[in-house]
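Accompanying notes for the structure given below.
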2 protein chains.
Amino acid sequence: MKYSSSKENYIKAIFHLQKSNESVSTNALANALQTKPASVTDMLKKLKEQKILQYERYKGVRLTAEGKKIALLIIRKHRLWEYFLVEKLQFGWEEVHEIAEELEHISSKKLIDRLDDFLGNPRKDPHGDPIPDANGKMPVLQQISLDSIELNKPMEITGIGNQTPELMELLQRTNIKIGSKLEVKKKFSFDNSLEIKMRNAAPFIISQFLAKNLLVKDEE
Amino acid sequence: MKYSSSKENYIKAIFHLQKSNESVSTNALANALQTKPASVTDMLKKLKEQKILQYERYKGVRLTAEGKKIALLIIRKHRLWEYFLVEKLQFGWEEVHEIAEELEHISSKKLIDRLDDFLGNPRKDPHGDPIPDANGKMPVLQQISLDSIELNKPMEITGIGNQTPELMELLQRTNIKIGSKLEVKKKFSFDNSLEIKMRNAAPFIISQFLAKNLLVKDEE
DNA sequence: AAATAAATTTAGGTAAATCTAAATTTTTTA
DNA sequence: TAAAAAATTTAGATTTACCTAAATTTATTT
């Protein structure tokens, strides 16, 4: 199956909006896609025909298993291209999203799998978000900064994301290493940065980008 | 200015069809684009509005200077992506055209200029065709196999295209080197291969791909 | 529980890029 | 050079992905 760029954008937007088991509203989608609710209704009817989603009038929408798989493969493409742009073409991580929005619609599966290998099969994109594998599976990395972050809970660093020299430099400066014990003290909604307290050290603040690259487990 | 993929395909097709100063016919375009003559007429009217081409009913079409510039930048993108696919992602040269047909419509200029640098500013794509620079200028490499090839004319090798190990291997085997004197004896239209005669050696046949990588000048 | 507000859908249109069939112009040929 | 053939254009539809305005359904308030 091949889908238009427009349809792919709908699928991706629904995927990002449907947390847990809530269904996604027409208005929320229209807002995310910068379009009008009436246009969304039109498109949802077409995507329903193609069994990509479950949709009933006035009841909102959810992706089917098939729809989720398509979404994950689009996200895979997006994040691998972002990684390529930053690591190989020297773009800043803040300027790659827009370009990846175009590149993610290139259809060749072989291309994206080769790109994955060429890049060394990274598991996180430059923003710290996980990259699904060729089968659409997300790597199960427990990240520090989930939406449902728990404050003051003792945790231990179990690993780090992509081990780039830039990240290593920052880890060294902040003295964060595998096995370090820490607690999150506060989340600043302004920039999603976190105040953390490491054992035997003064609290300090880290960015969301660093946080997303820290893998943790509950301390035993 | 940004043009739709469809318009870009028309511009590119006209560029490839307009040799010297002939104008391109509606039928030839329809054939090249796998579409119907009526559709071509429709599109030509739109592109004329945008001053991309000169068009008069029943008289065929030519690109304006502006149109040629656009065409060259699309060709630049196409060929750089082909080079990337072959040199970095290990694709065979025969399988990259289709993928590059999609990639050539990605709009970011910065992306393509960064890609050019990343690839080491190659001047020829994997098929041996020249890659225009960021300003849309074709490198002026006199190639051996132009459409207007002259038989039995003494020529001298002045350089070679992209110096890949694979090309070097073949040059060694055929004993072609800079300074070699040769004449083209015959062109086989079946596969565009050429029979060449090097001074003090028996005539032999080379492929169009090799020929395109040989730069020549007239012997003095 | 009405009444009002908000969300959503339906109805009817538009622009881009196609198409088929018919009309027109150009070219070829007898 | 007139007739036939080929090329091209016009006219009128179609599909996709949008839109606005009006109607309908659901949610929220008095």
Side-chain angles (χ1 to χ4, degrees), chain A residues 1-15 17-19 22-63 67 70-71 74 101-102 104-107, chain B residues 1-15 17-19 22-63 67 70-71 74 101-102 104-107:
Chain A
M1 304 302 136
K2 231 180 114 177
Y3 305 95
S4 67
S5 289
S6 183
K7 281 180 180 172
E8 289 193 346
N9 287 336
Y10 273 85
I11 295 167
K12 192 171 50 127
I14 296 166
F15 183 90
L17 288 172
Q18 67 175 47
K19 302 288 177 190
E22 297 146 46
S23 69
V24 177
S25 75
T26 301
N27 261 5
L29 258 177
N31 185 55
L33 292 164
Q34 295 279 63
T35 184
K36 295 291 179 291
S39 308
V40 172
T41 303
D42 283 354
M43 184 63 96
L44 292 183
K45 287 190 215 155
K46 290 180 207 159
L47 290 174
K48 185 188 180 178
E49 290 277 298
Q50 292 178 82
K51 316 241 190 236
I52 287 164
L53 44 79
Q54 291 170 276
Y55 165 67
E56 274 181 280
R57 289 156 69 251
Y58 300 103
K59 297 278 171 101
V61 69
R62 303 220 81 225
L63 292 178
I70 297 165
I74 300 165
E101 286 287 302
E102 283 187 66
E104 73 188 3
H105 301 298
I106 302 292
S107 59
Chain B
M1 307 299 138
K2 231 180 115 178
Y3 305 94
S4 67
S5 289
S6 183
K7 281 181 179 171
E8 289 194 346
N9 286 336
Y10 273 86
I11 295 167
K12 192 171 51 127
I14 296 165
F15 183 90
L17 288 171
Q18 66 174 47
K19 303 290 175 191
E22 297 145 46
S23 69
V24 178
S25 75
T26 302
N27 262 5
L29 258 178
N31 185 56
L33 291 164
Q34 295 279 64
T35 185
K36 296 289 180 290
S39 309
V40 173
T41 302
D42 283 354
M43 184 63 96
L44 292 183
K45 287 190 214 156
K46 290 180 207 160
L47 291 174
K48 185 188 179 179
E49 290 278 298
Q50 293 177 81
K51 316 241 190 235
I52 288 164
L53 44 79
Q54 292 170 275
Y55 165 66
E56 275 181 279
R57 287 153 72 249
Y58 299 104
K59 298 276 171 105
V61 69
R62 304 221 80 222
L63 292 178
I70 297 165
I74 300 165
E101 287 287 303
E102 283 186 66
E104 72 189 4
H105 301 298
I106 302 294
S107 58

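In this text, all values refer to a predicted model and were calculated from it rather than measured experimentally. In what follows, every chain begins at residue 1, and chains take the letters A, B, ... in the order their sequences are listed. Computed from heavy atoms alone, side chains included, the values below leave out hydrogens, waters and symmetry copies.
Look at CG on B:L29: it is 15 Å from C1' on C:dA17, rounded to the nearest Å. In this structure, B:Q34 places its CD atom 15 Å from C1' of C:dC19, rounding to the nearest Å. Atom-to-atom, OH of B:Y58 to P of D:dA5 comes out at 19 Å; the value is rounded to the nearest Å. Atom pair B:N9:CG and C:dT18:C1' shows a separation of 14 Å (rounding to whole Å applied). Per the geometry, CG belonging to B:L33 stands 19 Å off P belonging to C:dA16, to the nearest Å. Rounded to an integer number of Å, the gap from A:L44 CG to C:dT9 C1' is 11 Å. At whole-Å resolution of the value, CD1 in A:I11 and P in D:dA17 are 11 Å apart. The CD atom of A:E56 sits 21 Å away from the P atom of D:dT24 (whole-angstrom rounding).
The side chain of B:M43 sits closest to C:dT18 out of C:dT9, D:dC19, C:dT18. Nearest to the side-chain atoms of A:S4 among the listed nucleotides D:dC18, D:dA17, C:dT8 stands D:dA17. Of the candidates C:dC19, C:dA7, D:dT8, the closest approach to any side-chain atom of B:D42 belongs to C:dC19. The A:K36 side chain lies nearest to D:dC19 when the options are C:dT10, D:dC19, D:dT8. Distances from the side chain of B:T41 to the nucleotides D:dT8, C:dT9, C:dC19 place D:dT8 closest.
Residue B:Y55 places at least one side-chain N or O under 4.0 Å from the OP1 or OP2 atom of D:dT9. Listed pair A:N27 / C:dA6 fails the phosphate criterion, with no side-chain N or O lying under 4.0 Å from OP1 or OP2. Side-chain N/O atoms of A:R57 include none lying less than 4.0 angstrom from OP1 or OP2 on D:dT24. In this model, the phosphate group of C:dT9 is approached by a side-chain N or O of A:T26 to a distance below 4.0 Å at OP1 or OP2. Between D:dT15 and A:K46, no contact under 4.0 Å exists linking OP1 or OP2 to a side-chain N or O. B:Y10 has a side-chain polar atom (N or O) that falls below the 4.0 Å cut-off from OP1 or OP2 of C:dT18.
Between B:V40 and B:V61 the shortest side-chain heavy-atom distance does not fall below 4.5 Å. Residues B:I70 and B:L63 form no side-chain contact, since every pair of their non-hydrogen atoms from C-beta on lies 4.5 Å or further apart. Put simply, the side chain of A:E101 reaches to within 4.5 Å of the side chain of A:E104, judged on heavy atoms. Side chains of A:I14 and A:I52 form no contact here, defined as non-hydrogen atoms less than 4.5 Å apart. Counting only heavy atoms from C-beta outward, the side chains of B:H105 and B:N9 approach each other to under 4.5 Å.
Comparing B:T35 and A:S39, the nucleotide of DNA chain C nearest to each residue sits closer to the 5' end for A:S39.
Atom CD in B:E56 sits 10.0 Å away from atom OG in B:S23 (nearest 0.5 Å).
Note on A:K45: only backbone sugar-phosphate atoms sit closer than 4.0 angstrom, heavy atoms only; bases stay farther off. Across all strands, A:K59 comes closer than 4.0 Å to no nucleic acid atom at all (heavy-atom distances).
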